[in-house]
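One structure below.
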Amino acid sequence: IAKMSKPKKKAHKGLSLPKELQEALTPEEQKAYIAEMKRRFGADPEDLEDPEDVADYLELAGRAATDQERLKWVRKARAVDPDDIDAALQETLLTSKGLHESLKKLKALLEVSTRQMEGKGYFEPDCIGSFWGLVETRPYMRLRYTYLECLMEVQQIRPAIEECKALLRLSENDNMGVRDLLIAIYAYLQEEAPAEALLERYGSQSSIFLFCMALLKYTLGKEKEAAVFLRRLAKINPDTKAFLNAMKDCEKVGFSGTRYRLNTMEELLAMMENAPFLYLSVQMFATWAFPKLRSQAIGRGSAKGRRRM
């Protein structure tokens, strides 16, 4: 019986690019594109039986049952490409002891990665503002966002504001939701002018923005202006009154999901999950705001209002 030969590996390990992309992208850009697709949709199970690239090893790390096993796969990924930012980020998080060590290591990694991006020309004017749109710079954006989260966890709020601004400069469309955290920080610090500038930049059709502006105006003692934002919020989010009612007792609410529907209770709960520093002021605000929303005038809409639709 003839011995069966081992199937040859696919050129791109389960993923192949359309001819147009192969012609338009450099080999390095093709590699980054494929890695991002694997990250988003998962690697081909056949590839994981014989991993060889960074994306495969990071996929295996994501499936690992323990941190020890996860670190083993991450270090294999780093051995393949020591400059891979996603792998370096995972190793940093897995080997750090405590938040302050994480912050120190993340800052050092960010400095190295920034020089790496600069050396490749990504900080040129034609790239600034599109960092999330470029698959090659998405790992860098994930690193910066993780650094931002760590700054918030250790209560370094002012540096966190500057990091938010940097992220919004690099990705003007803000695919990561940085603006939602920044408007919450401004509300917490009662910084009216920066909050209004951010509102003007990104518009007001967002439950998070309108809620934070209402909260900000309330904490500044500008109750009439707060009521205006509150009414605008209730018009686009039918769950506003229910949310305020729940927030009068913060222990009864929470959000454990990763995605939410816009202009629903889910969006407002996700806001609180991402900005827990708002809890105390929101509780007082909810006590004031809840009676302002008359059930027949604002909220889910009166019968008269529905007839006009």
Side-chain angles (χ1 to χ4, degrees), residues 39 58 61-62 64 66-68 70-71 74 85-114 131-132 137-171 174-191 194-195 198 206-209 211-212 215-216 219 247 250-260 266-285:
R39 179 182 174 85
L58 291 182
T66 66
D67 284 347
Q68 184 177 3
R70 189 170 296 113
L71 183 59
V74 166
I85 295 175
D86 279 328
L89 172 59
Q90 292 303 313
E91 184 178 41
T92 296
L93 296 175
L94 286 167
T95 57
S96 297
K97 298 178 181 179
L99 286 172
H100 290 95
E101 184 176 332
S102 292
L103 184 66
K104 182 179 179 180
K105 288 185 175 181
L106 286 169
K107 185 176 181 179
L109 177 58
L110 181 55
E111 290 171 353
V112 170
S113 299
T114 299
F131 264 48
W132 190 257
T137 50
R138 284 189 187 180
Y140 179 74
M141 294 296 285
R142 286 191 280 266
L143 167 59
R144 293 204 75 139
Y145 192 83
T146 304
Y147 177 60
L148 167 61
E149 289 180 317
C150 195
L151 286 170
M152 292 300 301
E153 287 190 82
V154 299
Q155 296 295 300
Q156 293 187 11
I157 307 300
R158 294 294 172 182
I161 290 176
E162 295 307 311
E163 188 58 34
C164 284
K165 291 177 180 178
L167 282 163
L168 292 175
R169 173 176 170 265
L170 294 174
S171 181
D174 185 28
N175 305 79
M176 306 178 79
V178 175
R179 64 182 181 269
D180 292 336
L181 175 59
L182 185 55
I183 194 72
I185 293 174
Y186 286 149
Y188 174 69
L189 297 178
Q190 301 181 14
E191 296 200 353
L198 195 63
S206 158
S207 291
I208 292 175
F209 265 53
F211 182 87
C212 286
L215 173 63
L216 171 61
T219 58
M247 286 308 300
C250 293
E251 296 299 322
K252 293 183 179 179
V253 298
F255 179 74
S256 58
T258 56
R259 295 177 179 272
Y260 57 81
E266 293 172 358
E267 182 176 5
L268 295 170
L269 291 179
M271 172 190 69
M272 296 306 301
E273 183 78 10
N274 294 328
F277 49 85
L278 288 178
Y279 265 108
L280 183 59
S281 54
V282 165
Q283 189 173 20
M284 292 297 100
F285 170 71

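No experiment lies behind these values; they were computed from the predicted model shown.
D174 places none of its side-chain heavy atoms less than 4.5 Å from the side chain of W132. The side-chain heavy atoms of L278 and F285, taken from C-beta on, include no pair separated by under 4.5 Å. Side-chain contact between M271 and C212 is present, with heavy atoms from C-beta onward closer than 4.5 Å. With contacts defined as side-chain heavy-atom distances shorter than 4.5 Å, the pair M247/Y279 qualifies. Contact check for S171 versus M176: no side-chain heavy atoms found under the 4.5 Å cut-off. Proximity of E267 to S206: side-chain heavy atoms (C-beta onward) are separated by under 4.5 Å at one or more points. Residues V282 and F211 form a side-chain contact, since some pair of their non-hydrogen atoms from C-beta on lies under 4.5 Å apart. Between F131 and L167, every side-chain heavy-atom pair lies at or beyond the 4.5 Å cut-off.
From T137, atom OG1 reaches atom CG of L170 across 8.5 Å, with rounding to the nearest 0.5 Å. Note that CG of L89 is 4.5 Å distant from OG1 of T146, once rounded to the nearest 0.5 Å. One distance of note links CG of L109 with OH of Y147; it measures 11.5 Å at 0.5 Å rounding. Taking CZ of R142 as the reference point, atom CD1 of I85 lies at 9.5 Å (rounded to 0.5 Å). The distance from the CG atom of L215 to the OH atom of Y186 is 15.5 Å, given to the nearest 0.5 Å. Atoms OG1 and CG, on T92 and L110 in that order, are 11.0 Å from each other to the nearest 0.5 Å.
Between C164 and L181, the shortest heavy-atom distance links the atoms SG-CD2, 4.3 Å. Heavy atoms only, all atoms of each residue included: V74 and A87 are closest at CG1-O, 3.4 Å. Taking every heavy atom of both residues into account, L143 and S113 meet most closely at CD2-OG, 3.5 Å. Contact record, S281 with T219: CB-CG2, 4.5 Å, taken as the closest heavy-atom pair. Counting all heavy atoms, side chain and backbone alike, L58 lies closest to D86 at CD1-CB, 3.8 Å.
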| request: Could you go through the side-chain contact (heavy atoms from CB on, under 4.5 Å) check for K105 and T95 one step at a time? | output: CA-CA 10 Å; K105 288 185 175 181; T95 57; 3.5 Å; yes
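The environment of OH in Y188 is sparse: at most 12 heavy-atom neighbours from other residues, nucleotides or ligands sit within 6.0 Å.
The pair E162-K165 counts as a salt bridge, with a side-chain nitrogen and a carboxylate oxygen less than 4.0 angstrom apart.
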Pairs under 3.5 angstrom only: tabulate donor-acceptor contacts from the side chains of residues 150-159 to other protein residues two or more places apart or in another chain.
from	atom 1	to	atom 2	distance (Å)
Q155	NE2	M152	O	3.3
R158	NH1	E191	OE2	2.5
R158	NH2	E191	OE2	2.8

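Residues satisfying the side-chain contact (heavy atoms from CB on, under 4.5 Å) criterion with D67, sequence neighbours excluded, are R70, L94.
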